[in-house]
Amino acid sequence: MSIFQSLNTTASALTAQRLRMDVISSNMANVDTTRAKIVDGQWQPYRRKMVVTEPNEGGFSAFFNAAINKQVASIGNGVKVTKIVEDQTPFKLVYDPTHPDANNEGYVQLPNVDPLKEMVDLISATRSYEANVTVFNASKGMLMKALEIGK
């Protein structure tokens with residue numbers, strides 16, 4: 001186990017939370033976008049995006065293989081973003097016959113982005129980011145103190 005593993009683990013979490021905040025910002029910026037992409041010759045509204053994360057290498061199989069080979073399994077390899085997926089919840093229909101994107105019945109399809117949900121996700125990502133900065137600074141402080149022992 002490297003002395004820098006805690007810093008690497010925390011750095012991976014910081015990177016993932018930063019990407020999560022960027023995706024949430026994109027969702028908020030497109031909350032009223034009715035023409036995001038063309039599907040089957042028709043304009044479709046913006047579809048909410050979400051970040052999918054999973055642990056970096058490891059999990060049960062790593063511990064199982066380490067036990068079989070009588071090795072110490074590496075714990076805490078951090079997190080990685082595996083993909084960014086689109087939320088498949090239906091679009092919101094709003095009656096506005098004067099809107100240029102209204103259908104024949106006068107309804108407009110709006111993005112499936114809920115600003116309240118996005119703000120909750122943003123606060124969660126921000127708090128997680130702040131917690132990881134605290135962990136990073138604590139690890140850095142411990143490493144600095146360890147260097148002072150030799151003086």
Side-chain angles (χ1 to χ4, degrees), residues 1-67 72-144:
M1 181 174 177
S2 168
I3 63 171
F4 297 111
Q5 186 168 0
S6 65
L7 296 176
N8 291 337
T9 301
T10 306
S12 72
L14 288 169
T15 303
Q17 294 305 324
R18 175 60 191 201
L19 178 62
R20 198 170 147 217
M21 286 188 273
D22 289 344
V23 169
I24 292 168
S25 298
S26 174
N27 289 342
M28 290 295 286
N30 288 293
V31 73
D32 291 322
T33 304
T34 58
R35 294 182 184 186
K37 65 180 178 179
I38 297 177
V39 177
D40 297 330
Q42 297 284 335
W43 280 103
Q44 292 291 312
Y46 177 82
R47 195 169 281 282
R48 178 178 182 251
K49 294 178 178 43
M50 300 176 296
V51 175
V52 178
T53 59
E54 68 181 35
N56 260 341
E57 310 164 10
F60 179 75
S61 61
F63 289 105
F64 182 72
N65 291 334
V72 176
S74 60
I75 299 172
N77 289 325
V79 67
K80 65 180 176 182
V81 174
T82 55
K83 57 187 166 184
I84 297 175
V85 296
E86 290 185 343
D87 186 359
Q88 295 302 314
T89 58
F91 296 120
K92 293 183 266 184
L93 285 176
V94 175
Y95 183 74
D96 185 4
T98 61
H99 194 283
D101 294 325
N103 61 14
N104 294 337
E105 291 85 31
Y107 287 95
V108 179
Q109 283 187 329
L110 294 178
N112 58 351
V113 177
D114 181 7
L116 183 61
K117 189 176 203 176
E118 297 301 320
M119 288 305 296
V120 169
D121 286 348
L122 183 60
I123 291 170
S124 171
T126 302
R127 296 288 187 252
S128 179
Y129 190 90
E130 290 169 352
N132 280 293
V133 166
T134 303
V135 169
F136 190 87
N137 288 334
S139 296
K140 184 175 79 171
M142 286 187 277
L143 290 173
M144 294 301 291

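Keep in mind that what you see is a predicted model, and the values were worked out from it rather than measured.
With values rounded to the nearest 0.5 angstrom, M142 atom CE is found 4.5 Å from S139 atom OG. Between the CD1 atom of I123 and the CD atom of E118 there is a distance of 12.0 Å, given to the nearest 0.5 Å. From Y46, atom OH reaches atom NZ of K37 across 10.5 Å, with rounding to the nearest 0.5 Å. Separating the CE atom in M21 from the OG atom in S26 is a distance of 14.5 Å, to the nearest 0.5 Å. Taking CG of L110 as the reference point, atom CG of N30 lies at 12.5 Å (rounded to 0.5 Å). Interatomic distance, CZ of R47 versus OG1 of T89, reported as 7.0 Å (0.5 Å rounding).
Within a 6.0 Å sphere centred on NZ of K92, other residues, nucleotides and ligands contribute more than 12 heavy atoms. No more than 12 heavy atoms of other residues, nucleotides or ligands lie within 6.0 Å of OH in Y107, so this atom counts as exposed by the packing criterion.
Just one residue in the list Q109, Q42, R35 forms a side-chain hydrogen bond (donor to acceptor under 3.5 Å, both in side chains) with D101, and that residue is R35.
Across every non-hydrogen atom of M50 and V23, the tightest pair is N-CG1, 4.3 Å. Looking at every heavy atom in both residues, N112 comes nearest to F91 through N-CD2, 4.0 Å. Between P45 and A36, the shortest heavy-atom contact is C-CB, 3.7 Å. Smallest separation of non-hydrogen atoms from A16 and V79: CB-CG1, 3.9 Å. Taking both residues in full, the closest heavy atoms of P115 and M28 are given as CA-SD, 3.9 Å, listed atom of the first, atom of the second, then distance.
One N or O on the side chain of Q88 and one on the backbone of E86 form a donor-acceptor pair closer than 3.5 Å. Here the side chain of S124 pairs no donor or acceptor atom with the backbone of V120 at under 3.5 angstrom.
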Exercise for review: List the steps and the verdict of side-chain contact (heavy atoms from CB on, under 4.5 Å) for L14 and R18.
Suggested key: CA-CA 6 Å; L14 288 169; R18 175 60 191 201; over 6 Å; no

Exercise for review: Show your working on side-chain contact (heavy atoms from CB on, under 4.5 Å) between V133 and N137 and close with a plain yes or no.
Suggested key: CA-CA 6 Å; V133 166; N137 288 334; 3.7 Å; yes

Practice item. Check the pair D121, R48 against salt bridge (Lys or Arg N to Asp or Glu O under 4.0 Å), reporting the backbone distance first and the verdict last. Key: CA-CA 13 Å; D121 286 348; R48 178 178 182 251; 2.9 Å; yes

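In this structure, H99 and V94 have side chains that are not in contact, with every pair of non-hydrogen atoms separated by 4.5 Å or more. Looking only at side-chain heavy atoms (C-beta outward), S12 and N8 stay at 4.5 Å or farther from each other. Between L93 and V108, every side-chain heavy-atom pair lies at or beyond the 4.5 Å cut-off.
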